[in-house]
**Student:** 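For reference, the structure I am asking about is given below.
Order of appearance sets the numbers: ligands from 1, and atoms from 1 within every ligand. Computed from a prediction, not measured in an experiment: that's the story for all the values here.
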Amino acid sequence: MVLAADRTLMSPYRGISLASFFGCAPALDFNRDHNSFWYYVMRNQVTPRVLFDFICNPIDHTNGVANYAPYGLRKVEAALLRDGYKPEDVVVSHPDHVEKFIGPETEVVGTYEMDPLGMGPVTMTFTYGRKQMSYDEFYNRELHIRINAAKARTGSKAKVIAGASGTWQYNYDPAKIEEYGLYGIVEGDLGGIGPELDGAAGAFFDALIAGECDTANNPFKKSQFKVEIKEFVRDGRTFHGRFIHYWNEPSVSEIPTIVNPSMHGMVEVMRGCGRGCKFCDVTLRPLRYYPVEKVQKEIEVNMKYGGVKNAWIHSDDIFVYGLNPRTTKNMQPNREALEELFKGIMATGIEHTNPTHGTLAGAIADERLIPNVSKIIRASPDNHIGIQCGFETGSIRLIGKYADRKLAPYKPQEWHWLVKTAIKTLNENYWVPAFTLIMGLDNDETPEDSWETIRLIHEIEIEQPDSKFTTTPLTFVPIGLLEKSDFYDIGNTMDPAKLGVMYKTWQHNFRYGIQKFMGKVGRDNPIKNWFFSQLAATLGGVPLSAMERFARRKGSEHEHVIEKIKAKYW
Ligand code: SF4
């Protein structure tokens, strides 16, 4: 069994975990005018590959075996070993050495794919709706080219199966199924969510090897894996794909504990989220929490075998940890459970920890929560705690319509107050929120909704000039309860006000986030300092001027919006 992931998912990103978003950057523009200056200088490259490869440095390996791997891949590895596969039969390969492990005896090559075709929300924003090829797609394609070359060279009949949270993308570009020679694609049943295969990995690989997934299921035979052969017609051609559905959610005791180090010291503390935002697929999963001892065991694996000194706590909304959304009034956080969790995490001896995600409402619903947790995890001016939070929109109408429980115990009318208060509370305790916004939410965002977002960001800048936060606009992708909706097509339907949201968010990041704080982050280390200066220039100045050029091309309405933001909301 060969488990693999591409370079963008297997890089330490020079120790800066947030830089892993760089995989979403555009790599190639196949539509560039061959007579243009840029084609003469860069050919098809957009973000220079030399820069990308420097930032996305390869992970260490031992004879081709990856020393660190994405957390989800580690879970599948652990589940196979738990379910009876021998260690010598399972390998997690380094992307540059995957061919070493593929030969006539290889039964299955399982690829872990989060954004295989560059259709994730961040990537769609950076590539103008996939008009360019992102590095996520570029390196995933390269991985499949290597796998196929190794199979052809050795006569291997290994079944290549793609799994993880990005596999839904193959439904939108089925030609890639054929191009990559995929035997199958693992899909969840609940709105296309990534399945939780680690509950039954052994049984799944057994079924693959035994050929039980070769044909669509016999309706009279009971199987926990449902095989569906989908047919797609695109541009007059017909494509087929074998989609394998798995719909069980393992209980916490059925979820294996990792046995080898994960990327970035990531460990999980919960699955699912009870907040019910309509645009999110996490909320379709049942809510489960790891007990503290299970979390500690995984951190200890990372420390012992990976020398890791931090624990990146994967959580969908950390402030939901330990509560029951059905019985807890107004989603009131369980402060005691959170304090116990973080005390247990720090007791392992790690130096730094931070949760991946959390809601603003959860952060302030109990006024003692953030101050108490901050003391436990030793947050300080020299130890900032980064957390990704959904800002989503400044529109009270949209937040009420699509994510009202995200605000509980508060009401949609209190959204602006909530955002401002939460930023203040988080910053005072040395937390820095990285906000994501959704552009074109369910294709229901009006210009007035967009202007409400622009005004809210500006109000925070004026009222709290020293506040620390970043804002990243993402384009709407139809997942979760909105999976039947259409993608927001940023390339063709960017109205002036939405361009304004994009412009304002990057202007904020450049002026208030990147320029102001990146220098501080890198002040002690010349390499980091250089890196952050490059980052500041790339992430800040380049997109702003690109948007100004785009506005000039689009015409006076778009240009007027840019001018208005510069004059009134800068
Ligand atoms: S709070 Fe976050 S994780 Fe939970 S449902 Fe909403 S968007 Fe999803």
**Student:** Under the salt bridge (Lys or Arg N to Asp or Glu O under 4.0 Å) criterion, do Glu339 and Arg335 qualify, and how do the steps go?
**Tutor:** CA-CA 6 Å; Glu339 289 173 3; Arg335 176 161 43 81; 3.6 Å; yes

**Student:** Number the atoms of ligand 1 from 1 as they appear, then name those within less than 4.0 Å of a heavy atom of Thr359, with their elements.
**Tutor:**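 Numbered from 1, ligand 1 contributes 1 (S).
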
**Student:** Can you tell me the protein heavy atom closest to atom 8 (Fe) of ligand 1 and the distance?
**Tutor:** Cys280 SG, 2.3 Å

**Student:** Provide, to 0.1 Å, the distance between atom 7 (S) of ligand 1 and the closest protein heavy atom, together with that atom's residue and name.
**Tutor:** Lys406 NZ, 3.3 Å

**Student:** Would you call Glu448 and Arg455 a salt bridge, using N to O less than 4.0 angstrom?
**Tutor:**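 The answer is yes: the pair qualifies as a salt bridge.
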
**Student:** Taking 4.0 Å as the limit for heavy-atom contacts, which would you say applies to Val320 with ligand 1: side chain only, backbone only, both, or neither?
**Tutor:** neither

**Student:** Below 4.0 angstrom from a heavy atom of Thr283, which ligand 1 atoms are there? Numbered from 1 as shown, please.
**Tutor:**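 Going through ligand 1 atom by atom, the ones under 4.0 Å from Thr283 are 5 (S).
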
**Student:** Can you tell me if, anywhere in Cys277, an N/O/S atom lies at a distance from atom 6 (Fe) of ligand 1 that is smaller than 2.8 Å?
**Tutor:** yes

**Student:** Using a strict threshold of under 4.0 Å (side-chain N to carboxylate O), is an ion pair present between Lys406 and Glu392?
**Tutor:** yes

**Student:** Given Gly272, Cys273, Ala361, which one has a non-hydrogen atom that is nearest to atom 4 (Fe) of ligand 1?
**Tutor:**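 Residue with the shortest heavy-atom distance to the ligand atom: Cys273.
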
**Student:** Salt bridge check, Arg74 against Glu77: does any charged N sit closer than 4.0 Å to a carboxylate O?
**Tutor:**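 Looking at Arg74 together with Glu77, the answer is yes, because their closest N to O distance falls below 4.0 Å.
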
**Student:** Check this for me: does any side-chain nitrogen of one of Asp404 and Lys278 sit under 4.0 Å from a carboxylate oxygen of the other?
**Tutor:** no

**Student:** Would you call Lys401 and Asp449 a salt bridge, using N to O less than 4.0 angstrom?
**Tutor:** no

